[in-house]
Number of protein chains: 2
Amino acid sequence: MTRARGITIRDVAREAGVSITAVSHALNDKGTLSTATRAHIRAVAEQMGYEADALARGLRRSPMGAVGLVLRSLDALGDYAPAGVDVFERFVGAAASQALARGLSLMLVPDLTRPPVPPLAFSLDGYIVTDPHVDDPVIARLEERGIPYVTYGRPPGRPEFTHWAAEDDRASARLVLTHLESAGARSVALVRGTDPNAWNLGHQDTYLGWCEEHGSTPRLYELPERAGVEGGAALAGRLVDEGVPDAVFCLTGRHAAGVQQGLVARGVRVPERTMVVTGSDSEHARTSRPAISALELDPVAGSAALLDILQSLIAGRPADSPRLTRARFRPRGSTRR
Amino acid sequence: MTRARGITIRDVAREAGVSITAVSHALNDKGTLSTATRAHIRAVAEQMGYEADALARGLRRSPMGAVGLVLRSLDALGDYAPAGVDVFERFVGAAASQALARGLSLMLVPDLTRPPVPPLAFSLDGYIVTDPHVDDPVIARLEERGIPYVTYGRPPGRPEFTHWAAEDDRASARLVLTHLESAGARSVALVRGTDPNAWNLGHQDTYLGWCEEHGSTPRLYELPERAGVEGGAALAGRLVDEGVPDAVFCLTGRHAAGVQQGLVARGVRVPERTMVVTGSDSEHARTSRPAISALELDPVAGSAALLDILQSLIAGRPADSPRLTRARFRPRGSTRR
DNA sequence: CTAGGAACGTAAAACGTTTTATGCAATGCT
DNA sequence: AGCATTGCATAAAACGTTTTACGTTCCTAG
């Protein structure tokens, strides 16, 4: 496949009767050309529909007008089209809209650390990395190349790094607990995952604080993220044995679906006897019976913040970061009394 | 911003004690090097972590491993972050998954015909264009540059062009009309957008055919896509004045939400007095009261088909196209009798 | 003993820009 | 008059590859 070439700087130079240097300078406001020459060259270029070739230009280290997006969580899953993981799709869509609105192109890039490395990967102006790991190799490579990046979710173990945006997990935990409280819940159990990430830890802290304020005994359960729906269903047994709380707050959508399923199977009615809420909305939460109330991230606000920070970084300006976004609470049948 | 450069072919050549030509040939299986030299060079390159620079390589016309995605419909909306237009977000997400799964990067590109043209735009290997217009200038530019492309939605007025995938709009319009019919509707109004794309035109054709078959008088309304919810609400006035039909089929989710809102505000009960359906599901449709029945596209199947075709095109192989995908109908409160 | 190939490498041109270093008038200053 | 300065424009180098065209060396057939 040989691409047809467009009009080159040489064509414009010939047409305008000047050197290619003159054309370059005229179009980029460099050098010392007379106003007349500059105007003339511009007119000719405009009329010919000249567009500088990005590749050639990029070869000389100028910005590409494009930023990359690496979805770390998907890389980990190993499957790029996982069923029902719509957080991913929504974030991509939102980031795309936001980038386009700023006149930037957004490029979705597969894992940078596994060959074959996507050819354009290291030629982009900057990167958004979602859910970075501890000592993330993707981030290591970006730093090695001196490519600016921002992260969605705070990079674990990097207190000095501030170029991130994330959901305000403390605020959103409050949102859930307040809702449950106003629906009459006194005792609330928390089911969190086992990954030591900001998501699990932040919610847990807030939960414990809330319990203390309300003089209620904390009931904290840990369930590995990958235990999925079955894990949740199994946990329901323990919940029943140890006394059904007024509400169960599961940080993971699949756990919530499983817990509710397990409770109902054991004759515990939802939402009449106990309520169920999840911290991350998903297809599972929406299609459960009753539908499970959920926190819904705000990928639009998140990606907008990230692009603001990234643009500052690329331009070498100080960035207003970190930035927190607010989740929305979606009340559904599982908490409707 | 000056990017830090990585290891170049020159570094590898020096290290391996050969010419840069040798390195290039060894790594690209060209030329006539001995197996030993080839292996040696490869080993050195591997060990040094050499990755050819995509920009320099692209300058010599080789594939970039990246395809572009132009969302024509978003260009038409004029707003790149329209609230609740989740068809786009879903399609983008799906296309991204599919591209990544094939080892391709996907680049989201703003309108190619309005300056500033995104720098990398004409350096990509191929394009997916969604909802092309009649005589679409974006497509004209791609053809001018000889860049292969596929379209999501058949390009109107181009019977000879086959490199597209689309929802089978005739089938899905049938799906909606049949559903309405079995719910007792005799007279159905169609509200379409003003973009002259296959989506609007195909549904309109099917609708007109259906009216003829059923001896019912067509009632066709055109509303600019960007009129949004307000436009729909305003249209409801006309619908009432001209006689409330048994059902209103709006191709756009936001129009549907507006129409229903406008009807209800004028005392027309939904679904008792008239039903409302939309051709594209959206947040607006789901959160309306009652929730609006909708067609749900299958962006995963669609984008998979498109990438298959595009990869064939890029490789110069014959493509298996066009391809049709099926939409699902989601009955909700607005058509439940 | 030599012409004609293989077999293996490399030099150099090309890709389309940007940038650095000059060149050459014309002008200003002593 | 001679020298520095300014104003304008360009030549050439660089960016990192791929590709074309050319050299070697060595073998083999005549």
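So you know, we letter chains A, B, ... as the sequences are listed, proteins then strands, and number each from 1.
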### Query
Using a heavy-atom distance cut-off of less than 4.0 Å, which residues of residues 31-40 of chain A contact DNA chain D?
A:Thr32, A:Leu33, A:Ser34, A:Thr37
### Query
Rounded to the Å, how far apart are B:Arg57 CZ and C:dG16 P?
18 Å
#### Entry: Stepwise side chain to side chain contact (heavy atoms under 4.5 Å, CB included) check, B:Val134 with B:Asn197
CA-CA 7 Å; B:Val134 180; B:Asn197 57 29; over 6 Å; no
### Query
Does anything in residues 14-27 of chain A reach DNA chain D, meaning a heavy atom under 4.0 Å, and if so which residues?
A:Val18, A:Ser19, A:Thr21, A:Ala22, A:His25
## Note on the structure
Atom CG of B:Leu59 and atom P of D:dT19 are separated, to the nearest Å, by 12 Å
### Query
Which angle, to the nearest 10 degrees, lies between the helix axes at the two ends of the helix from C:dC1-D:dG30 to C:dT30-D:dA1, each defined by five pairs?
70°
### Message
Can you confirm whether A:Asn28 is buried at CG, in the sense that more than 12 heavy atoms of other residues, nucleotides or ligands lie under 6.0 Å from that atom?
### Response
yes
### Message
Without decimals, in angstroms, what is the distance between A:Asp29 CG and C:dT18 C1'?
### Response
14 Å
### Query
Less than 4.5 Å apart, any side-chain heavy atom of A:Val92 and any of A:Leu69?
yes
### Query
Checking A:Ser303 side chain against A:Pro299 main chain: does a donor-acceptor pair fall under 3.5 Å?
yes
#### Entry: Residue pairs involving residues 134-156 of chain B (criterion ring pair (Phe, Tyr, Trp, His ring centres under 6.0 Å); sequence neighbours excluded)
B:Phe91-B:Tyr152, B:Tyr149-B:Phe161
### Message
Rounded to whole Å, how long is the line connecting atom CE of B:Met48 with atom P of D:dG16?
### Response
14 Å
### Task
Flag yes if more than 12 heavy atoms outside B:Glu46 fall under 6.0 Å of its CD atom; otherwise flag no.
no
### Query
What is the distance, rounded to the nearest whole Å, between atom CG of B:Asn28 and atom P of D:dG16?
17 Å
### Task
Using distance alone, with no hydrogens and no angle criterion, decide if B:Ser34 and B:Thr37 have a side-chain donor and acceptor under 3.5 Å apart.
yes
### Query
Are the side chain of A:Arg60 and the backbone of A:Ala56 linked by a donor-acceptor contact shorter than 3.5 Å?
no
### Message
Less than 4.0 angstrom between a side-chain N/O of A:Lys30 and OP1 or OP2 of C:dT19, yes or no?
### Response
yes
### B:Trp199: ring pair (Phe, Tyr, Trp, His ring centres under 6.0 Å) partners, not counting sequence neighbours
B:His203
### Task
Considering non-hydrogen atoms only, spot the tightest contact between A:Val44 and A:Glu15 and give its length.
CG1-CG, 3.6 Å
### Query
For A:Arg158, what residues pass the side chain to side chain donor-acceptor pair (under 3.5 Å) criterion, not counting sequence neighbours?
A:Glu160
### Query
A:Tyr50 has an atom OH; how far is it from atom C1' of C:dT18, in whole Å?
10 Å
### Task
Find the distance B:Phe122:CZ to C:dG16:C1' and express it as a whole number of Å.
16 Å
#### Entry: Base of D:dT18 paired with side chain of B:Arg60 (donor-acceptor, under 3.5 Å)
yes
### Message
Using whole Å, what does the distance between atom C1' of nucleotide C:dT18 and atom CG of B:Leu55 come to?
### Response
13 Å
